[in-house]
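Protein chains get the first letters and strands the later ones, always in sequence-line order, with residue 1 at the start of each.
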Protein chains: 2
Amino acid sequence: MALGDAILACLTERPMTGYELAKTFDSSIGFFWKADHQQIYRELSKLRDRGYIQGREVVQSGKPNKLIYTLTPEGRTALRHWAARPSTPPSIKDDLLVRLHALDSIDIEPIRTDLMDRLEHHRDRHENYERILKKRFPEGTASDVLDLGNLLLLRLGARHEQMVADFCEEALEALSTMSGKAIVLPIEDSKREGKG
Amino acid sequence: MALGDAILACLTERPMTGYELAKTFDSSIGFFWKADHQQIYRELSKLRDRGYIQGREVVQSGKPNKLIYTLTPEGRTALRHWAARPSTPPSIKDDLLVRLHALDSIDIEPIRTDLMDRLEHHRDRHENYERILKKRFPEGTASDVLDLGNLLLLRLGARHEQMVADFCEEALEALSTMSGKAIVLPIEDSKREGKG
DNA sequence: ACCCCATATGCACATTGACGCATATGCGTC
DNA sequence: GACGCATATGCGTCAATGTGCATATGGGGT
């Protein structure tokens, strides 16, 4: 139950509604973990059933009533126990890498445009991280433990995006150099072997 | 159907049995994409039903008969069409990052040991990539398009592991510096607020 | 008046993934 | 001879995830 723990982790900051959590998973923690509102509401129900969070209904007019969820002591304990277990290193699982693995059996042009799009995407994200870093940590140091975690997170994010962006650039360059030597395949559906 | 396409991509190299594919997903492409043999066999059935691959049974004695799967022209086309679609940038989704996000609500010691384990893990993987790179690409250049893809892949893997390893080191250092200032919480299940 | 957007929650279905178990047999080891 | 291991394929179940749809309403644009 990884998403559940991510939600518990978010609720340590402050009590939130499912809607607010969904927005959080679209910005701060969402840089590392994607989850849409459906997943979040479903997980919230489970966490409530287990007694890890408590919902307080707030009656509103003009809008549907909202449910503000707060961590219970049991929830805090559960989070601590989860956090005390070793983490599992994830795989990268990027389709782009699968495409590169079969580079000689696919069309190069779409890969080039894809790489260019990805380059832009990762550059944007990198700039975003750097902007937040400069704003939140102009000194580059954290004052307390909470800040330290977020500082480290932002730094990792920034470096990751930078690295992938660099990779895209390099891949594009390499493809340009290669395209002179390699046979550029015309787009046809019936493709025979002959690669020589 | 991402795993299916990863399997098709593997079969462009050479025809393989499910067993061989499972081994492949435990080494080369498996550095980026994890899949156990169950997933692979299930996906192979689907791909066969769709006519993307063809199974040829080879009778064996002493071992169960094996099914060697070959890409059909339809399969090649499907792979090319899939590869022509833009890729979707994945999220990092690492539990360690969730732990760091809630660093002030959890116990530091388990995180330290976790970070040390992860440091070792990522260093090992980094060395592994570097070793393969030196062996397969001593010149650092690729001769054809297939090699280029694999060279790029290995380079990305190496850099990624290096980056995460550096991150772990930095996080450990930061936690050491911080531990002087921060209150080290004793391990108790009933935890009150008071963080001052 | 109509439509889209933001707020706020949720169900249903399909796909994907993780984990255990089952089958069949030869080979080496304790 | 019992046990684990490598080879080789597959079923069943459950958790996690992804996608579409449903509900309810006030406010702003056209």
Side-chain angles (χ1 to χ4, degrees), chain A residues 1-8 15-27 29-30 32-50 53 55-69 82 85 87-95 98, chain B residues 1-8 15-27 29-30 32-50 53 55-69 82 85 87-95 98:
Chain A
M1 193 193 42
L3 175 60
D5 294 295
I7 289 174
L8 291 180
M16 276 191 265
T17 68
Y19 192 80
E20 284 174 298
L21 275 165
K23 275 193 294 183
T24 304
F25 272 83
D26 217 52
S27 58
I29 203 174
F32 306 102
W33 206 289
K34 280 284 159 224
D36 57 30
H37 76 276
Q38 313 287 3
Q39 262 175 285
I40 287 161
Y41 283 117
R42 208 183 333 173
E43 206 61 40
L44 281 172
S45 310
K46 277 192 214 168
L47 292 172
R48 190 178 42 195
D49 291 349
R50 285 175 202 178
I53 56 174
R56 191 168 56 82
E57 192 167 13
V58 174
V59 182
Q60 299 188 127
S61 59
K63 297 169 198 174
N65 297 343
K66 62 180 172 184
L67 273 161
I68 301 175
Y69 287 103
W82 170 77
R85 292 213 312 272
S87 65
T88 48
S91 337
I92 303 182
K93 246 182 198 181
D94 189 333
D95 334 349
V98 178
Chain B
M1 196 193 40
L3 175 60
D5 294 295
I7 289 174
L8 292 180
M16 275 191 265
T17 67
Y19 191 80
E20 284 174 296
L21 275 165
K23 276 193 293 183
T24 305
F25 271 84
D26 217 53
S27 58
I29 203 174
F32 307 103
W33 205 290
K34 280 281 159 229
D36 57 28
H37 75 277
Q38 311 288 2
Q39 262 175 286
I40 287 163
Y41 283 118
R42 208 186 331 171
E43 206 62 39
L44 281 172
S45 309
K46 276 191 216 169
L47 292 171
R48 190 179 42 193
D49 292 348
R50 285 176 204 177
I53 56 175
R56 190 169 56 82
E57 192 167 14
V58 174
V59 181
Q60 299 189 126
S61 60
K63 299 170 199 177
N65 298 342
K66 60 182 174 183
L67 274 160
I68 301 176
Y69 288 104
W82 169 76
R85 291 213 310 273
S87 65
T88 48
S91 339
I92 303 182
K93 249 185 198 181
D94 189 335
D95 334 350
V98 177

Length of the line joining B/Leu47:CG and C/dT16:C1', which is rounded to integer Å: 14 Å
Distance in angstrom units between A/Asp95 CG and C/dT16 C1', rounded: 14 Å
Interatomic distance where CZ belongs to A/Phe25 and C1' belongs to C/dT9 [whole Å]: 17 Å
Separation of C/dG10 P from A/Glu43 CD (nearest whole Å): 14 Å
B/Tyr19 side-chain N/O to D/dT7 phosphate OP1/OP2 under 4.0 Å: yes
Polar side-chain atom of A/Asp36 near backbone of A/Gln39 as donor-acceptor pair, under 3.5 Å: yes
Test side chain to side chain contact (heavy atoms under 4.5 Å, CB included) applied to A/Ala22 - qualifying residues, sequence neighbours left out: A/His37, A/Ile40
Results of side chain to side chain contact (heavy atoms under 4.5 Å, CB included) for B/Asn65 - residues two or more places apart only: B/Glu57, B/Val59, B/Gln60
Nearest to side-chain heavy atoms of A/Tyr69, which nucleotide of C/dG17, C/dT16, C/dG10: C/dG10
Spacing of B/Met16 atom CE relative to D/dA8 atom P, expressed in whole Å: 13 Å
For B/Asp94, side chain to side chain donor-acceptor pair (under 3.5 Å) partners two or more places apart: B/Arg118
Watson-Crick or G-U wobble mate for C/dC30, both contacts under 3.5 Å: D/dG1
Atom pair distance, as rounded to whole Å: CG in A/Leu44 and P in C/dC11: 12 Å
Side chain to side chain, B/Leu3 and B/Trp33, heavy atoms closer than 4.5 Å: yes
Might you list the N or O atoms of the protein lying below 3.5 Å from N or O atoms in nucleotides 18-22 of chain C, with each pair's distance?
{"from": "C/dA18", "atom 1": "OP2", "to": "B/Gln39", "atom 2": "OE1", "distance (Å)": "3.3"}
{"from": "C/dA18", "atom 1": "N6", "to": "B/Arg42", "atom 2": "NH2", "distance (Å)": "3.2"}
{"from": "C/dG20", "atom 1": "O6", "to": "B/Gln38", "atom 2": "OE1", "distance (Å)": "3.3"}
{"from": "C/dG20", "atom 1": "O6", "to": "B/Gln38", "atom 2": "NE2", "distance (Å)": "2.4"}
{"from": "C/dC21", "atom 1": "N4", "to": "B/Gln38", "atom 2": "NE2", "distance (Å)": "3.0"}

Sequence-distant partners of B/Arg48, side chain to side chain donor-acceptor pair (under 3.5 Å), two or more places apart: B/Tyr69
Spacing of B/Arg48 atom CZ relative to D/dT9 atom C1', expressed in whole Å: 11 Å
Distance, rounded to the nearest Å, where A/Arg56 contributes CZ and C/dT9 contributes P: 13 Å
Sugar-phosphate, base or nothing in reach of A/Thr17, heavy atoms under 4.0 Å: sugar-phosphate
Nucleotide nearest B/Tyr41 when distance is taken to its side chain, options D/dG10, D/dT17, C/dT9: D/dG10
Pairwise 5' ranking along DNA chain D for A/Trp33 and B/Asn65, keeping only the more 5' one: B/Asn65
Pairing residues for B/Tyr19 by the side chain to side chain contact (heavy atoms under 4.5 Å, CB included) criterion, not counting sequence neighbours: B/Thr17, B/Lys23, B/Tyr41
Presence of A/Lys46 side-chain N/O under 4.0 Å of D/dA16 phosphate oxygens OP1/OP2: yes
